[in-house]
Every structure is written in C-alpha cells, then in structure tokens.
Amino acid sequence: KKICSMVNQDEPHSAKKIFRGSSYNNLSGLDSDHESPTITSPASGNRITMVTTTRLAKFSVERYYMLAEIDQKAYTPIFMDNYDVGENFDIGNCAASPGCIELRRELERLPSHIVVYFLWRKDISSHLFLDLIESSMGKFFQSLELPHNENTEKNLLENSYKETLTDENAVSKHIHLVVDRISPLDEDTERTKEADERHHAEEVKVVENFSRIVAKSRVLRSRLDGVTIGLSSDIRGAPALETVLNMVTFGARERRRAMQRQQRSPLAKKIFGITKPNERSSDEVDEKIDPTSILMSPVGVVGLQPADLLGLDKEREADAVQDIVQSKTCAEWNGNGDHGSFSRRAHEAWKSKHRPLGVLGGDKDEQDENLSTLMIIALIFIMLAWFLH
C-alpha cells in the first residue's frame, strides 16, 4: 500500500559539523570516561569498527514529505510485523511457517541492497532494543535463506528445513541498519540551550555504545554492512528517516535520464517490447527485466511496522520543527564504509544491471547537458540585461 501522496519539495538538508569520539563532552562541559571511537572485536580477529558521530542542522525535514519521496522513488516498503512467522525464530520453526515463506517472497522482489528502519523509543533500554532487533532481523535473515521454488516450498512445509535448503536457494542481499532514537527532555525539566546540549551529549554516549554492541552481535555483524543511528531531541525530528530518504534518492538524476533514453534505445524497445512509457508487448517482453526498475531506487526499504515511519507525534503534525538538537552516529566495519558508501554500491549495481540495455549516458551526454544548461542561463542573463537597459 502507498504510504502517502504529497507534492515534491526541496531536498533534505545536509550535515554541518562533524564530531568524533568524545567531542560532545566539550559541548556540555561534562567530565566523564568516554570510549574510544574505534574498537577491536577479539571474536572476529583483526576486524575494526569505526564509530563516527555527525552533528546535524537544528531543524528537521517534514516527515510526510520524506515518506512521499520514499513512496514515489522506492519499491513499496515491507513491514516484518505483517507476517506471522511464529514465536520462535530458530531454523526449524521459521521454515515450517507459511508466513515466513510469504515474507521471503516479498523480500525477493526488493533490490539487492536493503535499508532496514527501526524506531527506538526513549523508554526502551539498549539491551531490550537489541533483543528486539536481533529477533526481528532473525526472521528476516532466515526468510532470505528459504527456498523460493514452488516445489521446494511444498517440500519445506511437509518435511524438514535442512533437507530442502541448498546454497543456491539463498538470496544474496546487502543490508544496512538505520535507527531513529527520539529522546526529548523530561517534561519536568526546563528547556534551555544548555539543558538540551547536556541531555544530547548524554544520549550520544548511549547511541555510540549501542552501535558498538550491534557491531559485536554475532547475529548482526556478519549480515549487516553497517549501522546508522539518528538522534533527535524532538518527537517531530527523524534524522535516520532522512538518511533512508538520501539512500533511496541517491543517483535519482541518472535514473531519470536513463528512463528517457530507454524510449530511444532500439535494444531496450526490443527487450521490453515498448514504444511508450509503461507500454509492454506480452509476447516480446522479458519477464526477468522490469522497465520500471530503471526509474526505481536500487535500495529497498524494510521496517518493523508502519507506525514507526509515522513517528511518536500523536498530533501527526506535518510541519517541520526548528531549534532542535540532532546528530547521526555511523558504525562501519570490514571496510564497508557508511550509508553513503552503501548507496554508491547500490547505484553501481543498478548501472551494471542496465548498462547492456544502452540506456546509460557517457561523458559526452554529461557535457552536452551541461553545455545546454549554460546556454540557457546565458540567454536568461542576456534577456535580463536587455530589459534592464
């Protein structure tokens, strides 16, 4: 189902200043022991986890604008709570559940790169929230490992999971975890600039520590490419959801150009069997390639439940909010980089998939478009100068 429908507005804001490790102590004047921004996990050999915190602008992006953009540019999000996979998430129980097989079929339609979104409420401790993520991601991972052939699915429900599963059945997905932690001041605390900064500095410690816990998790580390946690002092803020939007819209300009070239490409017309946008011939189309995939984001979106995307504001206020304190903490390991690197890899995978169709432009197309833009700008200035003269 669609999330919502709204008019496009300006692009989200970008980060302004970067703080690493214990730099937040300088903002609030707190003296405390702060962990190093890097850690080494003995259980994983010489692998290192880098934790970086970025301070964001003091205003939010409208939530419903972000949801509308995600709705238009990405495949329909999948919510794990909509699928009944049973209470126990071990291999056997998950395999015997029709809900788990249905979840697997839905996940299969998403691109090879997926961002998973969670909402972390202030009243939930780090350990309880980690349990929630591990249990939810457990059924997510196990659903990806289930066979997708109809015959094997039938055998799966009648026989044991281990007898059916082979390496060829598993679906390869790259996954980045994104979390929004909403932590406003307590109601009985007077809100001042100093109080906001002090509270935020304490919350940053919680977030950075949690990102390290995720990096050490045996369930999550080997299956995730990284984790990004957004922290906001207002319930209307959603820095992590903004990160999801940035990941989904990465490379959107090039995808729009490719969609236009698709109409002029003889090879694309032959493969898709189309002469106009979204018109396909049933006898010529290759069912393995969907022409709309050219325009859709190569990053799919998965969440726990739809209510998480709507946030904690009971009034469902649509406007953005100002004078808030926000930051974004990224944990990366195995050389995977942050969410920006994840988005670039997803876009490269999209280009590799569509390059044989001849719909990707080269350097000459870029130069021609830039030249056209400069000519239009020059013409506008000439006309303005003539009228003013």
**OP:** Evaluate the salt bridge (charged side-chain N to carboxylate O under 4.0 Å, His left out) criterion for residues Glu108 and Arg104: first the C-alpha distance (whole Å), next the side-chain angles of each, then the deciding distance (0.1 Å), finally the verdict.
**Re:** CA-CA 6 Å; Glu108 189 182 8; Arg104 191 243 189 264; 3.5 Å; yes

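- Among the candidates Arg181, Arg55, Glu208, His200, the single residue satisfying the side-chain hydrogen bond (donor to acceptor under 3.5 Å, both in side chains) test with Ser327 is His200.
- Aromatic ring centres of Phe342 and His174 lie farther apart than the 6.0 Å criterion allows.
- With respect to Asp225 and Arg345, a salt bridge is recorded, a charged nitrogen being found less than 4.0 Å from a carboxylate O.
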Original post:
Step by step, would you call Lys122 with Asp186 a salt bridge (charged side-chain N to carboxylate O under 4.0 Å, His left out)?
Top reply: CA-CA 10 Å; Lys122 182 182 178 180; Asp186 296 332; 2.8 Å; yes

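- Of the listed residues (Thr228, Thr53, Asn209, Thr54), just one forms a side-chain hydrogen bond (donor to acceptor under 3.5 Å, both in side chains) with Thr329, and that residue is Thr53.
- Both Tyr83 and Met137 sit in one connected hydrophobic cluster of ILVMFWY residues. Membership requires side-chain heavy atoms under 4.5 Å apart, directly or through other members.
- In the hydrophobic clustering, Ile382 connects to no other residue, as no ILVMFWY side-chain heavy atoms lie under 4.5 Å from its own.
- With hydrogens and angles disregarded, no donor-acceptor distance shorter than 3.5 Å links the side chain of Thr249 to the backbone of Ala252.
- Chaining together hydrophobic side chains whose heavy atoms lie under 4.5 Å apart leaves Leu388 on its own.
- Within the 4.5 Å cutoff, the side chain of Leu67 has heavy atoms near those of the Leu310 side chain.
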Without placing hydrogens or testing angles, list every side-chain donor-acceptor pair under 3.5 Å for residues 229-241, not counting sequence neighbours.
unit_1	atom_1	unit_2	atom_2	d
Ser232	OG	Asp234	N	3.3
Ser232	OG	Asp234	O	3.1
Ser233	OG	Val325	N	2.9
Ser233	OG	Val325	O	3.4
Asp234	OD1	Arg236	N	2.8
Arg236	NH2	Asp319	O	3.1
Arg236	NH2	Ala320	O	2.9

Subject >> Derivation of the salt bridge (charged side-chain N to carboxylate O under 4.0 Å, His left out) call for Asp308 and Arg121 >> reply: CA-CA 10 Å; Asp308 288 350; Arg121 293 165 175 79; 3.8 Å; yes

